[in-house]
Asker: 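Quick one: the structure is below, questions incoming.
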Amino acid sequence: MAVRKKTNTVCYVATGRRKTSVARCFMTPGTGNIVVNGKSLDEYLPLETLKMEVNAPLVLTGTSEQFDIKMTVEGGGMSGQAGAMRHAITRALMEASLDYRPALKAAGYVTRDPRKKERKKYGLKAARRAPQFSKR
């Protein structure tokens, strides 16, 4: 928990990651505004499913109207960034109150998704794709 010096308000800070995306979340008591990289969530994410993924921890804990969230996200694509934002919001909620942890854990939001793109190997065309086999 960090306390802002200028306004003396409580600010919960957390970092979330997925694939190559990194999201930093600054959560303060408020009315439910979510700002991502200077834009509203609706402007930043075009797909409704991604917006639902980002809002999922807030809806699950019933805190969607209690906190204002300012996020900075970099790296990866839309899906990876949405997953990173969800992870960051989850961590910030747990920092705000440990009472939210059991519900968030049961939903699978606490665990970081470790899957990343596998590197290309020599002798192959991609990570696992081998050249076409021919007997002659």
Side-chain angles (χ1 to χ4, degrees):
M1 175 174 59
V3 177
R4 289 187 177 175
K5 292 180 181 175
K6 290 181 183 175
T7 58
N8 269 350
T9 58
V10 176
C11 179
Y12 303 101
V13 181
T15 304
R17 294 181 185 87
R18 178 152 195 277
K19 293 186 177 181
T20 58
S21 301
V22 179
R24 282 181 292 283
C25 174
F26 304 93
M27 192 168 75
T28 56
T31 58
N33 280 352
I34 299 179
V35 177
V36 183
N37 290 350
K39 299 178 183 177
S40 71
L41 184 64
D42 294 330
E43 288 178 50
Y44 193 78
L45 291 176
L47 299 176
E48 199 61 39
T49 53
L50 296 178
K51 292 175 203 167
M52 286 171 46
E53 183 179 350
V54 171
N55 284 320
L58 297 168
V59 172
L60 181 71
T61 56
T63 55
S64 52
E65 303 295 321
Q66 294 178 16
F67 295 106
D68 283 341
I69 297 174
K70 183 175 177 253
M71 304 195 81
T72 57
V73 188
E74 54 192 30
M78 284 189 299
S79 177
Q81 287 188 353
M85 286 189 264
R86 184 183 77 180
H87 193 227
I89 290 172
T90 300
R91 285 181 160 185
L93 283 170
M94 287 192 309
E95 196 175 312
S97 173
L98 284 176
D99 297 338
Y100 300 135
R101 185 178 170 82
L104 293 167
K105 181 78 173 165
Y109 299 154
V110 175
T111 308
R112 185 212 188 281
D113 189 352
R115 296 176 294 174
K116 286 195 173 188
K117 186 172 180 175
E118 195 173 333
R119 79 171 200 81
K120 182 193 175 300
K121 279 79 169 190
Y122 55 85
L124 301 180
K125 292 178 180 263
R128 298 182 186 203
R129 171 79 173 104
Q132 184 173 349
F133 174 77
S134 173
K135 226 174 196 179
R136 294 186 188 91

Asker: Check side chain to side chain donor-acceptor pair (under 3.5 Å) between Lys121 and all other residues, then give those that pass, not counting sequence neighbours.
Answerer: Glu118
Asker: NZ of Lys120: more than 12 outside heavy atoms within 6.0 angstrom?
Answerer: yes
Asker: Is it the case that one hydrophobic cluster holds both Ile89 and Val10, taking links as side-chain heavy atoms less than 4.5 Å apart, direct or via other members?
Answerer: yes
Asker: Under the side chain to side chain donor-acceptor pair (under 3.5 Å) rule, collect the residues that match up with Thr63, sequence neighbours excluded.
Answerer: Thr61
Asker: Measuring only between side-chain heavy atoms, which start at C-beta, is Glu53 closer than 4.5 Å to Leu45?
Answerer: no
Asker: With side chains defined as the heavy atoms from C-beta onward, is the minimum distance between Asn55 and Ile34 less than 4.5 Å?
Answerer: yes
Asker: Does anything in residues 107-116 form a salt bridge (Lys or Arg N to Asp or Glu O under 4.0 Å)? List the pairs, not counting sequence neighbours.
Answerer: Arg18-Asp113, Asp113-Arg115
Asker: Hey, can you pull the donor-acceptor pairs under 3.5 Å for the side chains in residues 98-111, sequence neighbours left out?
Answerer:
none

Asker: If we only count heavy atoms from C-beta on, is the Val13 to Arg24 side-chain gap below 4.5 Å?
Answerer: no
Asker: Not counting sequence neighbours, which residues clear side chain to side chain donor-acceptor pair (under 3.5 Å) with Arg129? List them please.
Answerer: none
Asker: For Lys19, I'd like to know if atom NZ has over 12 heavy atoms of other residues, nucleotides or ligands within 6.0 Å.
Answerer: no
Asker: With sequence neighbours excluded, tell me which residues meet side chain to side chain donor-acceptor pair (under 3.5 Å) with Tyr44.
Answerer: Asn37, Gln81
